[in-house]
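This structure is a prediction, so every number in the text was calculated from the model and none was measured. Here is the naming used below: chain letters follow the sequence lines, and residue numbers restart at 1 for every chain. Below, each value reflects all heavy atoms present in this structure, side chains not excepted, and no hydrogens, waters or symmetry copies.
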Amino acid sequence: MPTSWSDSAEKAPAGGVGATTRASRTNYVPPHLRNRPPSVDTTSAPVSHYGAAVGNGHQGHGGPNPTGIRSGGPRNDSSGGSSSRGGGAWNNRNNGWDHGRARESNPFQDELDTEEAFGAQENTGINFDAYDDIPVETSGKDVPAPVNTFAEIDLGEALNLNIRRCKYVKPTPVQRYAIPIALAGRDLMACAQTGSGKTAAFCFPIISGIMKSSQSGPRAPRVPRMAFPLALILSPTRELSLQIHEEARKFAYQTGVRVVVAYGGAPINLQLRELERGVDILVATPGRLVDLLERARVSLQMIRYLALDEADRMLDMGFEPQIRRIVQQMDMPPPGLRQTMLFSATFPKEIQRLAADFLSTYVFLAVGRVGSSTDLIVQRVEYVLETDKRSHLMDLLHAQRANGDQGKQALTLVFVETKKGADALEHWLCINGFPAAAIHGDRTQQEREYALRSFKSGKTPILVATDVAARGLDIPHVAHVVNFDLPNDIDDYVHRIGRTGRAGKTGLATAFFNENNSSLARPLADLMQEAHQEVPAWLSRFAARSNFGRNRRGGGRFGSRDFRRDTSFNRGGMDSYGGGHINNGYVASGGYSGGYGPTTVTSAWD
DNA sequence: AAAAAAG
């Protein structure tokens, strides 16, 4: 199995403006396939990392002290599978949240269960070619050069050890570029395809930065029962925050960096207790964070890192006021005094413009075709009348069941438009002999998390979901995404189908299309064409028809929503972007829309 | 019009 995805990749011209590089002959090894690590005993290797890593401790447990020299002896590592740590390094560690860390459970344990349930991962038949020749683009001032290996980056031994524990062999494309940029302290707007390792891309630099500055950074004030996180990671759904937290905990394991999650629908007291134990990195959904801020249980004044996952979603109409409030109207340091990183697979232009408010001279990074689906997903569109949808779904599921191997559960994720629709379809599937669960915003948080677990484990291999599950969730083994109801926005479609075809695996996405979706015809047809999918002739006819009234549909969002926009960043070839303008750190409209190929239409920015 | 996010 290829382990080196980018050994021959060119370095991006440092200092270039509008630099464009193409990682040549790459063999991308996605996260979940990196289970052939060099044989390192990752659990017993002594840790010797730079000096002291630090917990941002609560004062009650001996938190930050003005000398910068942390007290406390070697930690009691009862859960890490190693009884003797590598000596002195641990001795200067801050044990500000000793109690918390003594309890730090091994976050790598859960992995094993899933692997067992689904059997060993196959490493054959993966289409690594899909990652060859992946277009990468950076723009901004003095863009740091990408790296080819984790070893090239000074992340620190403790973090490197966790990377090995995660079985990451080589950085993914977005990681190769984003990590050096972030480590250089630069603000970043990063676009990368679904399932390409974005979480690690912003977590590694944050964890590393917190570790490195542990003795030099300013000290948090001592305020009883108030937590002072150094980093804030916001995401649009509770389950995604949960997932980021789980992942970040792995990366931060035994680094002394403490990660806490806070989201709604769960008992706040548990979260408050966790916060009181000390928090370096806070992962949160906006609503619960605002609550915590209002209760004065969290202060953002020490924030040095701000990461928005699914950033375009976080800045769209529904979320923007809340995000502005958190980022601009509380006590968070302004751009320039904090490092801000925005990540998403899609990034509409108008949202990019909005995002500039939160950034300071940032680097724009695009890996792959922005807003595009990956070639690993086979996309099908079928014309299905509203009244026929259920029986059609049944046919698909029957066929799938017939084809599927006995032991292997092929997970199917079915997206519907409404919460009521999700309930109804789940019920209907169940009474027709298909074990299904449903997840949507009217379910209790317990029900939501149970449904997701039940789906992941294969207990209910069908999950009916609203858009709550459309973004970011990493659910291994989803073989099929069905858009029972198509979304109105092509970006939502991109995120939905991105739940399959992850980690280098192929996936299937089937959409039920009818007259109700005519507004999506054109963007959908365009997207499929870019992804080298077969576009049915009838869909093209729909597209041509909707094209006629296209100017009208702009009225919905931000005055003009340009459906042509950036679904294919690469339509005319990424290389042609070389002339892009940089204006105050962001890509100006002229450069942005220029070079986008034959279908270029007036930019929404113009 | 719907979904999400606080309770």
Problem set entry | Nearest-neighbour nucleotide for the A/His440 side chain, B/dA1, B/dA4, B/dA5 considered | B/dA4

Exercise. Within less than 4.0 Å of OP1 or OP2 of B/dA4, is there a side-chain N or O belonging to A/Lys419?
Worked result: yes

Seminar exercise, completed: note: A/Lys420, atom NZ; B/dA1, atom P; distance rounded to Å ~ 15 Å

Problem set entry | Note, A/Cys191 side chain near A/Thr346 side chain (heavy atom, < 4.5 Å) | no

Seminar exercise, completed: In whole angstroms, the gap separating P of B/dA5 from CG of A/Asp309 amounts to 14 Å

Exercise. How long is the line joining CD of A/Glu239 and C1' of B/dA3, in whole Å?
Worked result: 13 Å

Problem set entry | Whole angstrom value for the distance that separates C1' of B/dA4 from CD1 of A/Ile326 | 14 Å

Exercise. With no angle test and no hydrogens, is the base of B/dA4 tied to the side chain of A/Arg238 by a donor-acceptor pair under 3.5 Å?
Worked result: no

Problem set entry | For atom CZ of A/Arg325 and atom P of B/dA5, their distance in whole Å | 18 Å

Exercise. Parallel under 30°, tilted from 30 to 60°, perpendicular over 60°: which one fits the rings of A/Phe204 and A/Phe251?
Worked result: perpendicular

Exercise. Hey, is the side chain of A/Arg448 poking within less than 4.0 Å of OP1 or OP2 on B/dA5, counting only N and O atoms?
Worked result: yes

For this session: Starting from P on B/dA4, measure out to CG on A/Asp291 and report it in whole angstrom.
Result: 20 Å

Exercise. Hey, is the side chain of A/Asp467 pairing donor to acceptor with the base of B/dA2 inside 3.5 Å?
Worked result: no

Exercise. Over how many whole Å does the gap from A/His495 atom NE2 to B/dA2 atom P extend?
Worked result: 22 Å

Problem set entry | Pair A/Trp428 + A/Phe434: ring centers closer than 6.0 Å | no

For this session: Give A/Gly318 one of three labels, base, sugar-phosphate or nothing, depending on what nucleic acid heavy atoms sit under 4.0 Å from its own.
Result: base

Problem set entry | Proximity to the side chain of A/Thr418 - top-ranked nucleotide from B/dA2, B/dA1, B/dA5 | B/dA2

For this session: Mind calculating the distance between CD1 (A/Ile439) and P (B/dA3) to the nearest angstrom?
Result: 14 Å

For this session: Determine, for A/Phe542 and A/Arg545, whether the Lys NZ or Arg CZ falls below 6.0 Å from the six-membered ring centre while staying within 45 degrees of the axis.
Result: yes

For this session: Please determine which of A/Val259, A/Ile210, A/Ile207 meets the side chain to side chain contact (heavy atoms under 4.5 Å, CB included) test together with A/Asp280.
Result: A/Ile210

Exercise. Under 4.0 Å between a side-chain N or O of A/Thr466 and OP1 or OP2 of B/dA4?
Worked result: yes

Problem set entry | Per A/Val468 side chain, nearest of listed nucleotides B/dA5, B/dA2, B/dA1 | B/dA5

